[in-house]
Amino acid sequence: MSETSKRDKVIIGSRKSQLAMLQTEWVRDRIQELNPGITVEIKTMDTTGDKVLDVSLSKIGDKGLFTKELEEMMLNGTIDLAVHSLKDIPTKLPEGLKLGAITKRYNTSDAFIANAKKHGKNCKLSELPKGAMIGSSSLRRVAQLKKAYPHLQFKDIRGNLNTRFKKLEDDSNGYDGMILAVAGLERMELTDHISEIIPDSVSLYAVGQGSLGIECKDGDDFIQSILNPLIHRESMYCCEAERSMLRDLEGGCHVPIGVVTKLHNQSQSDETLEINAIVLNLDGTKYIESKIVGPSNQYIQLGKSIAEDLINKGSKDILSEFIKK
């Protein structure tokens, strides 16, 4: 059923972490700027991914670890929309919900943060000694960094950004450094901790990394109307192409799949979209790569086409190997 009536109050759902709140407050402020007659309230909650911190994400499962509870609140009418990091949103949403907006994409890179007490703030990954322990909760990052730096070891590190920094600084945990998304560090104003920006040539980023995804009820025309100005076309084309690829690969948010997507000739009628993708096994010793370029307005089909090429090259075998482990 379509909901078209205008309301004077909108309720946004958010996780409780500082980064999640910064992202949600940014969306709240944009909505209020564009709709001065609307009151915007934020309701917070902890998701499964926030509560279970002693198990790696890949072992908990991949069915909306950071979104499920917020989605239930939307479906029962407690909240009108939810703000997520787009990379955390599954490619298949619950019936009755949709992705209402993808915001402008910011820095897509990953960063290395060295344990300054052990190695100095400006230490690079390549300079670390054999056996150095790197914290990361992302199989995608670990697989690609094992491929590039086989002399390093990796250990899971969970929690919000502040918690991870405390774990890094605690010598009893044995971390020589950790890997985090630059976008989150920028939003938290923590970029001064960055030791090295990891180039795309070493580690492709996660599907949707750097953008926010705003989820809402399918058929709620009023909410969609206030989200429309927040949609960034170029970012939406790139991210939806990536999500289309991931959907067809049947990969979740926490599997070793990396991507780099770029728009070319943006001011021209012949705008094109280029997707580079990689699928890896857990230790980075097996991997399949693919690249595709095509008309940008065919972004969904381009995502499907690169997924088909990866599947034809054997990506399903690599991913099934991952699932067995």
Side-chain angles (χ1 to χ4, degrees), residues 10-32 40-94 96-107 110 135-138 156-167 178-190 206-217 223 227 230 239 243 252-254:
V10 170
I11 303 176
I12 307 178
S14 173
R15 294 163 59 196
K16 292 180 179 178
S17 76
Q18 186 179 356
L19 177 57
M21 285 300 297
L22 284 171
Q23 295 174 165
T24 302
E25 287 165 358
W26 181 88
V27 171
R28 176 200 63 193
D29 293 347
R30 299 294 82 71
I31 291 174
Q32 288 186 323
V40 184
E41 179 184 325
I42 297 174
K43 282 188 180 294
T44 61
M45 71 176 308
D46 287 321
T47 63
T48 301
D50 297 309
K51 296 172 185 174
V52 184
L53 296 176
D54 57 348
V55 181
S56 65
L57 294 173
S58 59
K59 291 180 180 176
I60 303 172
D62 194 46
K63 301 298 182 183
L65 295 180
F66 296 105
T67 60
K68 185 173 181 287
E69 288 84 354
L70 291 166
E71 289 171 339
E72 290 171 351
M73 291 173 73
M74 272 183 285
L75 290 171
N76 67 29
T78 304
I79 60 176
D80 297 300
L81 55 105
V83 179
H84 313 283
S85 292
L86 183 59
K87 64 184 177 64
D88 291 331
I89 303 179
T91 56
K92 296 179 181 177
L93 301 181
L97 298 179
K98 68 175 182 178
L99 196 51
I102 291 174
T103 65
K104 183 177 180 179
R105 190 172 221 173
Y106 286 92
N107 201 315
D110 290 325
S136 176
S137 57
S138 163
D156 207 48
I157 187 166
R158 295 285 315 283
N160 60 43
L161 287 186
N162 291 326
T163 299
R164 294 188 199 194
F165 273 102
K166 288 176 183 176
K167 288 182 177 180
M178 64 179 175
I179 311 297
L180 297 172
V182 174
L185 292 167
E186 287 179 340
R187 290 183 180 120
M188 294 275 286
E189 299 183 352
L190 293 170
V207 166
Q209 185 162 324
S211 278
L212 303 181
I214 307 174
E215 202 175 358
C216 63
K217 275 188 182 179
I223 292 297
L227 293 181
L230 277 64
C239 292
R243 287 173 60 81
C253 305
H254 307 292

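Just so it is clear, the model here is predicted, and its values are computed rather than measured.
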Worked check of side chain to side chain contact (heavy atoms under 4.5 Å, CB included) between I42 and E25: CA-CA 8 Å; I42 297 174; E25 287 165 358; 4.0 Å; yes
Heavy-atom donor-acceptor pair, R105 side chain to L212 backbone, under 3.5 Å: no
For the student: nearest non-hydrogen atoms of [X] and [Y], plus distance:
X	Y	value
T24	S14	OG1-OG, 2.9 Å
I102	C239	CD1-CB, 4.0 Å
R158	R164	O-CG, 3.8 Å
I157	S136	CG2-N, 3.3 Å
D88	T67	O-CG2, 3.7 Å
M74	A82	CE-CB, 3.7 Å

Flag for D110-Q209: side-chain donor and acceptor within less than 3.5 Å: yes
Test item: side-chain donor near acceptor, Q18 and N162, under 3.5 Å: yes
Intermediate values then yes/no, side chain to side chain contact (heavy atoms under 4.5 Å, CB included), D80 and I12: CA-CA 6 Å; D80 297 300; I12 307 178; over 6 Å; no
Please examine the side chains of [Y] and [X], heavy atoms only from C-beta on, and report whether any two atoms are closer than 4.5 Å.
X	Y	answer
E41	V10	no
T44	R15	no
L99	I89	yes

Steps toward side chain to side chain contact (heavy atoms under 4.5 Å, CB included) verdict (V182, Y106): CA-CA 9 Å; V182 174; Y106 286 92; over 6 Å; no
Side chain to side chain donor-acceptor pair (under 3.5 Å) involving S211 - partner list, sequence neighbours excluded: none
Residue list, side chain to side chain donor-acceptor pair (under 3.5 Å) with R30, at least two apart or on another chain: E33
I need the [X] [atom1] to [Y] [atom2] distance, nearest 0.5 Å.
X	Y	atom1	atom2	value
L97	L81	CG	CG	11.0 Å
M178	D156	CE	CG	13.0 Å
S138	I179	OG	CD1	9.5 Å
L19	E186	CG	CD	11.5 Å
R187	L22	CZ	CG	9.0 Å

Residue of the set V83, L86, I214 for which side chain to side chain contact (heavy atoms under 4.5 Å, CB included) holds with T103: I214
Pair F165-N160, side chain to side chain contact (heavy atoms under 4.5 Å, CB included): steps then yes or no: CA-CA 9 Å; F165 273 102; N160 60 43; over 6 Å; no
NZ (K98) with more than 12 external heavy atoms under 6.0 Å: yes
